[in-house]
Every structure is written in structure tokens, then in C-alpha cells.
Amino acid sequence: MPKKRSGGGLTTTQQAAKFLGVAALSGAVLAGIALPAAGALGLAAKGTVEGFDEIPSNLKTPPLSQRTTILDREGGALATVYSRDRTVVPLKDISPYMQDAIIAIEDSRFYEHGAVDLKGILRAMNRNVQAGGAAQGASTLTQQYVKNVFVEEAGDDPEKVAEATQQTLGRKVRELKYAIQVEEELGKKKILENYLNITFFGQQAYGIEAASQRYFSKHAKDLKLEEAALLAGVVQSPSRYDPVNDAEEATKRRNTVLARMAAVRSISQAEAEKAMATPIKLKVRKPKNGCITAVSGSGFFCDYVRKAILRDPAFGKTEEERSKLWNLGGLTIRTTLDPRAQQAANEAATAKVNKDDKFAASVVQLQPGTGKILSMGQSRPYGLDQKKNETVLNLSVSNKMGGSTYGFQVGSTFKPITAAAALEKGISPSTSFSTDWKLSVPMSSFTTCSGSTAGGGNWDLQNEMESEKGSWDMTSALGKSINTYFALLEQKAGLCDTVKMAKKMGYERGDGKEIGENPSITLGGEVSTPLSMAAAYATFANRGTYCTPIAIESITDANGKKLKVPKSSCSRAMTERTADTINQMLKGVVEDGTGTQAGLSDRDNAGKTGTTNDRKDAWFVGYTPNLSTAVWVGDDIGEKSSMFGVTIGGQYYDKVCGGCLPGPIWKIAMTGALNASETPSFTPVSVPRAKPKEDKDKGRDRDEDHEDREDGKPGGGNPFPGISIPPGGFGNGGDSRGNHGDGTNGP
């Protein structure tokens, strides 16, 4: 019986001896060992090792994991992401000093032996016996390369990594056979190149190019002798010889490499001594990995791109395939992000809301007609440090793409969708309804798409103020956001038609569930996201054609091959006439309605305010013919709080409304993103109005929530000629109070 170690296994010497015996007996192995002609031993063996022939004959060399670069639409770098910080370079782009140094210290007879160095094994065994333990190994560079391939293939799986590095005879035999094959198929130069590109050099740097950049901020081809020797020395133990944390130990190791280079005559003794006398001069470049390092506040957009690749079947049929593509990296991703729009979104999101406020702001912009997402900005910075008010929660998107659990109720920003459904059904914009400020509508008067009624009992709702009673047509009801009008308009247009229109315009819930067929949808009772709302309103700007949002323009892999990326899918949601009519009516919202604080004075623009029940969410969604922007403000942490009597961005608000906070944010974002020289116009269209009625009450008109106009002057006059103003003027219809048939008190 052989002697055992205290742990129960064979000693290192016994393992090596057993391995050598196996190799000597295996004709299959020795047949593949390329020994130099002058030193050929002429050995032959007829025996085999049980199970050896079952080892796969082809070494599966995985493509090396590299860094991925994410670019904006103009080619500017947004971020680099990687599971392995590595840039693969050809041997010609690696300093000759580096090539000589790694060979000298790791395998000085690299060009003289085959896949296995028998002399090296015998020498190592002799020294280990003399030392009474494992004093020296005998793996060639080729064997080390094969081992690194297994480790690379294991990725971040601890069990697979342990299996790839376990010190067992079985692994050694497998490693040896693969090494023989690699020697035959690749040749020495290619093996050296691959080794230098796969090896770990510490400090999160994989491969010589990343290591050179990390420690010296230069390319691998520019490494000096003393720098190359330092990096070659690190390979044996990246933590022990880390020059950043232990310069003294790293210097000793570097000098050992230099001495070895002189001994094998890679350099002269004089060159070695001069390099040894040179102090280590590092120029460390800190690793920058992930969306957390994204420039221009584009971290949320960067993370959206990452999730798009991980979730879209276009990048792999299975989740595993998509993850492998992302982790493998080496991609160059050109996105749709516009630097100017992103800067504008960042400035807008932080102009009126501070990062440490209880409430947060989200701004997202999209190009009508293409679906290209141009920007994503938030008042809280992207990051993991909650003490710095950082967050990775993307308030602009759905839960599956990194957003909130459900999304947010959209309030009165949904009303234009109801109006579009009505117009498509042939209902004239001049259609008027006269109501009190409260309204009770039978739930049975609403029919779902399955043909059943929406429920029993009545839907009780009300306008914001008691003064909001009288007669309105579609234009004035949109301008003043009258809840009772839109409940009756939805009843006339049909609940199912309204829901279908929402779907055709890309309206989606933030939690991914189907849109609920409840009458309260017309008042914004269904949750959604800023991105979904920006895309829906872009349908109006694009004269009725909806285009799915996209964030990726193109992708090339590490070899320069273009990958197929999803394109925006465009489909007609409504007629051009309907869209043109909505545009004309929503122009009134920013000119004389609830959105006057948001209106742009130098170009055609339109939009809609939205404030949910109890003012837990406030919105402004608007657009020009070439840009659609959605702004949301609300509580993003824990249970949502109402925005009554709050200070946001240093300004006190008695009650936050869509026109008084999101509206001005929208104006900043639009002004910064748009080019002053490009001012396309909406297609003009005549919008029928209701016949005028005698206006007995000359009540004061007002913008949203009785606030003064943006120019400081009180709101006055009647912006909607021919429509009677109810006693006391109009109130904000952006909110609704009362039961909506869904068990809530909010829209």
C-alpha cells in the first residue's frame, strides 16, 4: 500500500510519479508528444489507461470573454461592461519583452519540447523529493493554457471552477491530451498569443492588454522591459505579487523574472541589472465596469439596453443563450441615445426636483416615426449607494425592464386616447355634454370586449371642483380636463373601443398584465410607464402611426460581424385625420388650458396634464412633430405619499399638479433637446366646435388648480369661443374623486 498523507491522499511526489507512469504506459499519449529530433527518446508503449479514449478528441476552446462597449447614436462611448475585463490582441501587438519574460519565468524550454516537458517533469520530481514536498511544478505553457480554457469555460460557476482546477490525476490526464492536440493544431506562436490573452493578471484584468492598461495605462505593445517582467511575475500569484498593494514583494518577483531572462539569454546581464535598478512606476487606471460608470447620466438607459439584450429572443432563443452572449461580451453596441437630448433630460429632471427629495422625477424622450428612445433621465442618480440617494430603479420603464413593480396611474393623460377612439368611431369633436360637477353612470352601460357588462351598480365620479359644471365639447373638455365629459364620451365611444385604441397606441401596464377593461381607464385608472406614454403620444405626432420603442441601432461582435437587431415595428393606430384633430385640440392645452406653463413659444407643440387621485402621481406628456416627451413626478420609495403641502426642489407646493411641476420640467427637456433650426408644424385641420350658448356667468377662467398663469398674470377670458363657461369658471379635471368601479378612489 502506498503511503498516504494525513488528509488521506497521495503525496505530491507520489501523484507526480503516478502521472509519469501513466504517461509512459500510454501509447496514445506518447504518440502525440513532439520531442525535438536530437533528444527523441524513441519511447513506445502499448498499454492504455482506462477511460482515456473516452475523453473528447477536440478541445472546445471558448471565445474569450471581453469587454462590451456601449455607444450613443453619434459613436460616443457611454459605458463599458464586462464579466471579464479583456481585450484580445494579436501577438504582433504584444511587446517582445513580454513574450520573452513569460516564457523565461513560466516555461523556458517552450520552443524545445512538445505538449509536455519530460525533462521538466523529471527535474521537478527530483527537486520535490529533495524538498520533501511540492517545491516546483512542471506544467508547460501549453498545459497552463488548456487549464485556463477550462477555467474560462467555467465562468463564475464556483463548482465548475473548482472542477477545472482540482489537483487530481484524472484532470491532469485530460489536460495532457488536450495539450497534445493544441500543440498539433495551433503551433507555438498561436499558443503563446492565446495564453497571454487568457491569463489573469490581477486587479480584475484578464489578458495582457487589459493588464497593461490597468497597471501602466498603455498598450501591451508599448511595455518596457521592467514593466513586462513585472507583469510576467504577477501571473504565478496575482494577489501575492500585486504591485498596487505590495510594491516590495512585486519588485522582488520582477527581479526574479529579469534574472531568469538573463539566465536563458533573452536579455543580457547588463540589461537585467539596469532594469532591476529601475523603481516600479505604476500609472494605475481604475477599472470602469457596468452601467454605474455610464457618462452623461445615461446609467438608466444603459441598463435598459442590457435588459433588452437579455430578454429579447432576437439575441438568443433561451435565457441561457442570451446571458452567454452578454457575458461573452466583445460587443460594440450603437444605441439610439442622443447626447443632446440626454443632457436636456438630465437637466430637466434635476432642475425642479432634488435627488434627496421624498419625491422623484422621470423624463423619457422618443422620436416619432422611428420609435427610437433618445433619452432617459431621473432626479436620483444611477447607482447603489442609498446614502447618496442613488437608485437602479428605472422609473421610466416597466418592471421587466428594471422599473417599478406596477408602474403609475396616468391620470388625465389618458383622455386623448379616449378622444381618439371616439373620433375613429365617427363622433364629432363638436359633441357636447352638459353635466353637474358630479356624475353617476350605470356600470351596465359599459361593455367589455368579451361582450359582458363592466359590472353592476353605478360608477360615481366627480370633477375637481364644484364650479366645474356646465356644457363642454371635446376641445374644451380636453383643455380643462373635465372628468364627467370623458366618462360620457367613453360611454358613447365604447369601453372596448377605448381599450383597443390604447393597445394600438402601445399603451401597456407597468406590471406586464393585460389592460383592465374598467370604465375608470378613461380617467387614468390603469397603471403604465413614462416610456409607454411617450410612445403612445408619439402616435399623435406621427399622424396616427404607432412605432414600438427601440434602444439599439446596431451590434457588432468581437470579430466585427454584425448581429441582427430588432427594428421598430410601425402600424397604423388611427387615421391621419384623427391624429391631426387630436394635435389641434391638444395645442389648446398648452396654449390656454391646464398646460400653459409647459407650452413652447417657438414651434407647434401639444400635450396633456395628468394628476391622479390624492395627487400621488403628476404627469405631463407632450410632443412636437419630431419629439415626444413624458414626465412623471411622484413618490418612488415605499408606500406612495400624496403631494399636498410639500416642498420639492426647494419650492413649496400647496398641491402638486401636472401643469405646475411636470409641465415646466417638460418644457426644459424639450427646449434643450430640440434644434432651433428644425421647427416642423402639425398638419392644420379645422376642428368642429359646439354651437355657442349664452354665457350668463362671466366667471374667472383659470389654468390648472386656480394658479396664476406662467407669465404672472391671472388667467382670464374664455379661451374656447362658443362654449359656455360654468359658474365660477372651470376647475382642474385632471383629478377625479369618487368610486370608479375598481374599488379605488383614484382615477
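Note that these values count all heavy atoms, side chains included, but never hydrogens, waters or copies made by symmetry. What you are looking at is a predicted structure, and each value in this text was computed from that prediction instead of being measured.
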Residues 395-405, side-chain donor-acceptor partners within the protein, below 3.5 Å, at least two apart:
from : atom 1 : to   : atom 2 : distance (Å)
S396 : OG     : S362 : OG     : 2.6
N399 : ND2    : S404 : O      : 3.4
S404 : OG     : G407 : N      : 3.1

| What residues, two or more places apart in sequence or in another chain, satisfy ring-ring contact (aromatic ring centres under 6.0 Å, His included) together with F359? | none
For [Y], is there an ion pair with [X] - N to carboxylate O distance below 4.0 angstrom?
X    : Y    : result
K372 : E553 : yes
D511 : R509 : yes
D617 : K640 : yes
D636 : R380 : yes
K616 : D635 : no

| Are Y485 and W472 near enough that their ring centres are under 6.0 Å apart? | no
| request: List in chain and number order the residues that pass side chain to side chain donor-acceptor pair (under 3.5 Å) with E678, two or more places apart in sequence or in another chain; answer none if no residue qualifies. | output: none
| message | Over 60° means perpendicular and under 30° means parallel, so tell me whether F682 and Y623 are parallel, tilted or perpendicular. | response | perpendicular
Mind listing the side-chain donor-acceptor pairs of residues 490-499 below 3.5 Å, one per line with the distance, residues two or more places apart or on another chain?
from : atom 1 : to   : atom 2 : distance (Å)
Q491 : NE2    : S445 : OG     : 2.8
T498 : OG1    : G494 : O      : 2.9

Let me have the donor-acceptor pairs involving side chains of residues 500-507, under 3.5 Å, with sequence neighbours excluded, atom names and distances please.
from : atom 1 : to   : atom 2 : distance (Å)
K503 : NZ     : E514 : OE1    : 3.2
Y507 : OH     : E526 : O      : 2.7

Show me, pair by pair, the donor-acceptor contacts under 3.5 angstrom made by side chains of residues 541-550, not counting sequence neighbours?
from : atom 1 : to   : atom 2 : distance (Å)
N542 : ND2    : T545 : O      : 2.9
R543 : NE     : D580 : OD1    : 3.1
R543 : NE     : D580 : OD2    : 3.4
R543 : NE     : T683 : OG1    : 3.4
R543 : NH1    : E576 : OE1    : 3.4
R543 : NH2    : E576 : OE1    : 3.3
R543 : NH2    : D580 : OD2    : 2.6
T545 : OG1    : R572 : NH2    : 3.2
T548 : OG1    : S569 : N      : 2.8

